[in-house]
Amino acid sequence: MSPELRLPPYTLSRAPGAPFDPPAEHTAQYGDQPVGRVSIWDGRLAVWLVTRYDDARVVLGDRRFSAAHGHPCYPSRFEAEPPRPRVFFSSQDPPEHGALRSLVARDFLARRVTALRPTIQRLADQLLDEMASENPPVDLVGRFAQPLPSLVICDLLGVPYQDHDFFQRAASTVISLHVPMEEKLRSFEALRAFLRDVVNDKRGDPEDDVLSRLAVRVRAGELTAEDAADLGVFLLNTGHETTANMIGLGVAALLDHPDQIPLVVADDDSTARAVEELLRYLTIIHAGQRRFATEDVDLGGVTIRAGDGVVVSLPAANRDPSAFPGSPPDRLDVTRRARHHLAFGHGDHLCLGQQLARAELRIALRSLFERFPGLRLATPLERIPFKHDAQIYGVHALPVRW
């Protein structure tokens with residue numbers, strides 16, 4: 001492929017009538033043209049769009065591609081993107097990335113998540129009881145998809161759940177693509193101040209939660225209260241917003257494919273397999289994993305020069321036919337074995353909360369469809385408000401009946 005290839009400007013737009021599919025411009029680049037230049041907000045063409053599965057794994061797993069957000073070569077999403085706190089380890093390279101991640105990693109290990117499963121199930125059952133007491137139609141996002149992961153992350157972090165309305169609004173503002181930067185910064189600072197107060201309260205009375213363990217480090221002089229609060233912001237945002245969107249969007253996709261719902265709830269293995277397929281098929285982190293090359297790298301038939309920016313389209317990589325043989329990957333097939341998908345990333349930056357997200361999704365979907373076997377959309381799919389305006393894809397609301 002010629003390195004002079006030019007693709008349309010990088011876009012998140014989904015085609016009308018195909019709300020679950022990545023932009024056609026991305027998936028069209030398989031085969032002979034898997035890597036091509038795209039423009040971003042400033043018109044720079046020294047940015048490469050990567051769409052093929054194998055190439056995406058290389059970029060995400062090779063340390064010659066840096067995630068350092070504050071570097072001039074980083075291909076930012078916006079004209080004025082504020083610097084991220086240093087403890088946001090997703091924006092750091094090794095060894096800083098590993099050192100910061102280790103501060104909270106123990107609370108997201110598989111054994112910790114296993115211990116949380118009864119709590120997740122209890123919370124799911126409680127929310128479904130409350131939903132069943134209402135007269136349909138009911139907004140599944142507001143009544144179930146949003147509160148379940150919020151309750152779980154509050155329990156894990158040690159944040160009072162009575163404040164969930166505040167942090168949900170603040171988190172949604174921070175990740176919106178269309179909110180003015182000044183408003184984003186105000187929401188971020190409000191969230192940071194809120195969590196700093198929580199950390200300071202826990203310094204004198206720590207409990208068995210993430211923020212208490214960070215507060216102990218603050219008390220010992222190993223961490224500042226500001227850094228502890230920033231870590232809390234990072235975990236609070238990533239720990240509820242992603243899973244909430246995945247539950248809402250996953251239910252929408254299944255209600256659009258009702259023949260597959262019995263396969264989701266057949267048994268535990270079927271539910272686990274369906275969750276992996278939904279993660280692959282929907283890939284809600286749709287704004288692109290961004291990196292820049294620190295040295296020349298040959299990839300997909302082109303040479304990416306040192307300093308060039310790279311955008312990895314995870315939705316496109318997860319639809320690559322060479323990585324997902326069998327039934328066409330642009331179709332939802334909950335019997336597919338898709339655990340090798342890239343919805344959680346790959347390499348050093350593989351999502352810290354992936355085991356928690358999997359547990360929440362399995363419990364949420366199984367509990368929902370067993371409790372409401374006749375669940376259906378209360379409005380046509382084309383009238384569902386999808387989140388084209390956010391970095392994390394989902395649905396703003398999902399009216400349902402049963």
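Quick note: residue numbers are just sequence positions, from 1.
Ion pair Arg371/Asp129 flagged as a salt bridge, since at least one NZ, NE, NH1 or NH2 atom sits closer than 4.0 Å to an Asp/Glu carboxylate oxygen. Using a cutoff of 4.0 Å between basic side-chain nitrogens and carboxylate oxygens, Asp333 and Arg331 are not scored as salt-bridged. The pair Asp296-Arg305 meets the salt-bridge criterion, with a side-chain N (NZ, NE, NH1 or NH2) lying under 4.0 Å from an Asp/Glu carboxylate O. Taking 4.0 Å as the cut-off between side-chain N and carboxylate O, Asp209 and Lys202 count as a salt-bridged pair.
Screening His346, Arg319, Glu276 for a side-chain hydrogen bond (donor to acceptor under 3.5 Å, both in side chains) involving His341 leaves a single residue, Glu276.
Taking the centre of each ring, Phe65 and Phe292 stay at or above the 6.0 Å mark. In this structure, Tyr393 has its ring center under 6.0 Å from that of His388. When ring centroids are compared, Phe324 and His340 come within the 6.0 Å threshold.
With a 4.5 Å cut-off on side-chain heavy atoms, Leu191 and Phe166 count as touching. Side-chain contact between Met131 and Val400: present, with at least one pair of heavy atoms (C-beta onward) separated by less than 4.5 Å. Side-chain contact between Trp48 and Val38 is absent, with no heavy-atom pair separated by less than 4.5 Å.
For Arg280, the salt bridge (charged side-chain N to carboxylate O under 4.0 Å, His left out) partners two or more places apart in sequence, or in a different chain, are Glu277.
Here CD of Glu222 is found 10.5 Å from CG of Leu214. Values are rounded to the nearest 0.5 Å.
A tilted orientation is assigned to the rings of Trp402 and Phe372, their planes being inclined by 30° to 60°. Classified by interplanar angle (parallel below 30°, tilted 30° to 60°, perpendicular above 60°), the ring pair Phe88/Phe234 is tilted.
Within the structure, ring pair (Phe, Tyr, Trp, His ring centres under 6.0 Å) pairs that include any residue of residues 199-218 do not occur (at least two apart or interchain). Pairs engaging residues 97-114 under the salt bridge (charged side-chain N to carboxylate O under 4.0 Å, His left out) rule: Asp107-Arg112, Asp107-Arg213 [sequence neighbours left out].
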Working for salt bridge (charged side-chain N to carboxylate O under 4.0 Å, His left out), residues Asp93 and Arg63: CA-CA 8 Å; Asp93 293 329; Arg63 292 186 177 180; over 6 Å; no
